[in-house]
Amino acid sequence: MSTETHWNRVYTDKAVTQVSWFQLHASQSIQLIQSLKLDFNAAIIDVGAGASILADELLDLGYNHLTVLDISNMALQQSQQRLGDRAHLIDWKVANLLSVELEPETYQVWHDRAVFHFLTQPQDQKRYIQQVKTAVQPLGYVIVATFAEDGPVQCSGLEVQRYSVAQLQQQFAEPDFRFISSVQDVHITPNQQAQKFNYVIFQKR
Ligand SMILES: C[S@@+](CC[C@H](N)C(=O)[O-])C[C@H]1O[C@@H](n2cnc3c(N)ncnc32)[C@H](O)[C@@H]1O
């Protein structure tokens, strides 16, 4: 099954509030984005956003230059319906982030919660990091949240690559990226399972 078919099925078969990664509020991501102290017109992309509430909450705070990308049009449609009149304020991209052509040096923030960890093949991980290097502005920020080294081994029936902070630093390595900070987070799924995440901020050189 293709990646696109897999994810469209997930978002068709389950209510968005029932997927294991569902968050009522994207609090950890919001806190990290706010910590960067950027202008409200900073270009922010949420990759593999699914039907996340992050974009809604960023709009609520005043951020006004948002792009939301996902391989699943089913997921993005649900976010668009939820946003209603405000949906047109966002640049929506239905695309595979590994193959989409991204405008060079466009984004001041690249945000990814629970997407990079699905890439278990080194060539896909390299391709992802190449996409980040292309699309993020010099001195822009990359926020990546993956399952921690002692987090779950699977998500949505797919194997994941778990990462310690040090392992993420090896992926987003000098001289292209500078490590800024990290924070551990425990996500409680709708089924009350605890999932350990590492959130890391890097700055692109
Ligand atoms: C576990 S969900 C996380 C969704 C969202 N980031 C959140 O925190 O609620 C992973 C998301 O990544 C998307 N995805 C997986 N592989 C992708 C790819 N190659 N390109 C774009 N999106 C992808 C899926 O469709 C899904 O919405």
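For the single chain, residues carry numbers from 1 onward in sequence order. Please read these numbers as outputs of a predicted model, since none were measured by experiment. Note that ligands are numbered from 1 as they come in the structure, with each ligand's atoms numbered from 1 the same way.
Atom CD1 of residue I201 and atom NE2 of residue H111 lie 9.5 Å apart, to the nearest 0.5 angstrom.
With a 4.0 Å heavy-atom cut-off, ligand 1 is reached by no atom of F22. Residue contacts with ligand 1, taken as heavy atom pairs separated by less than 4.0 Å, involve N96 via backbone and side-chain atoms alike. At a heavy-atom distance under 4.0 Å, no atom of S156 approaches ligand 1.
Among Y141, F177, F179, the one residue that satisfies the ring-ring contact (aromatic ring centres under 6.0 Å, His included) test with F172 is F177.
Atoms of ligand 1 lying under 4.0 Å from any heavy atom of G50, numbered from 1 in the order shown and given with element: 27 (O). Ligand-side atoms of ligand 1 in range of F118: 1 (C), 10 (C), range being under 4.0 angstrom from any heavy atom.
The closest side-chain donor-acceptor pair between Q137 and E105, if any, does not fall under 3.5 angstrom.
Both I30 and W21 are part of a single hydrophobic cluster, where members link through side-chain heavy atoms under 4.5 Å apart.
The closest approach between any non-hydrogen atom of A49 and ligand 1 is below 4.0 Å. For Y11, the heavy-atom gap to ligand 1 drops under 4.0 angstrom. At least one heavy atom of A95 sits under 4.0 Å from some atom of ligand 1.
Residue contacts with ligand 1: S52 is placed with no nitrogen or oxygen under 3.5 Å of a nitrogen or oxygen of the ligand (distance criterion only). Considering backbone and side-chain atoms together, V47 places no N or O closer than 3.5 Å to any N or O of ligand 1. On a distance-only criterion, V115 and ligand 1 share no N/O pair closer than 3.5 Å. Polar contact check, D70 against ligand 1: a nitrogen or oxygen pair lies under 3.5 Å apart.
Nearest protein neighbour of atom 10 (C) of ligand 1, counting heavy atoms only, is A114 O, 3.4 Å. Of all protein heavy atoms, the one closest to atom 15 (C) of ligand 1 is W7 NE1, 3.4 Å. Of the protein's non-hydrogen atoms, G48 O, 3.2 Å is the one closest to atom 4 (C) of ligand 1. Residue, atom and distance of the protein heavy atom nearest to atom 14 (N) of ligand 1 are I71 CG2, 3.9 Å. Closest to atom 7 (C) of ligand 1 among all protein heavy atoms lies R113 NH1, 3.4 Å. Scanning all protein heavy atoms for the shortest distance to atom 20 (N) of ligand 1 gives L97 N, 2.9 Å.
When atom types are taken as modelled, the side chain of D70 and the backbone of G50 share a donor-acceptor pair closer than 3.5 angstrom. Under a 3.5 Å cut-off, the side chain of H117 and the backbone N or O of F147 do form a donor-acceptor pair. Not one N or O on the side chain of R127 forms a donor-acceptor pair closer than 3.5 Å with the backbone of L97.
Seen from the ring of F202, R178 does not count as a face-on cation partner, given the 6.0 Å and 45° thresholds.
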Does D56 form a salt bridge (Lys or Arg N to Asp or Glu O under 4.0 Å) with R82? I'd like the steps, not just the answer. CA-CA 9 Å; D56 312 39; R82 189 183 61 233; 2.8 Å; yes
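Of all the heavy atoms in V200 and S182, the pair that sits closest is CG2-CB, 4.0 Å.
For Q154, the CD atom counts as densely surrounded, since its 6.0 Å shell holds more than 12 non-hydrogen atoms of other residues, nucleotides or ligands.
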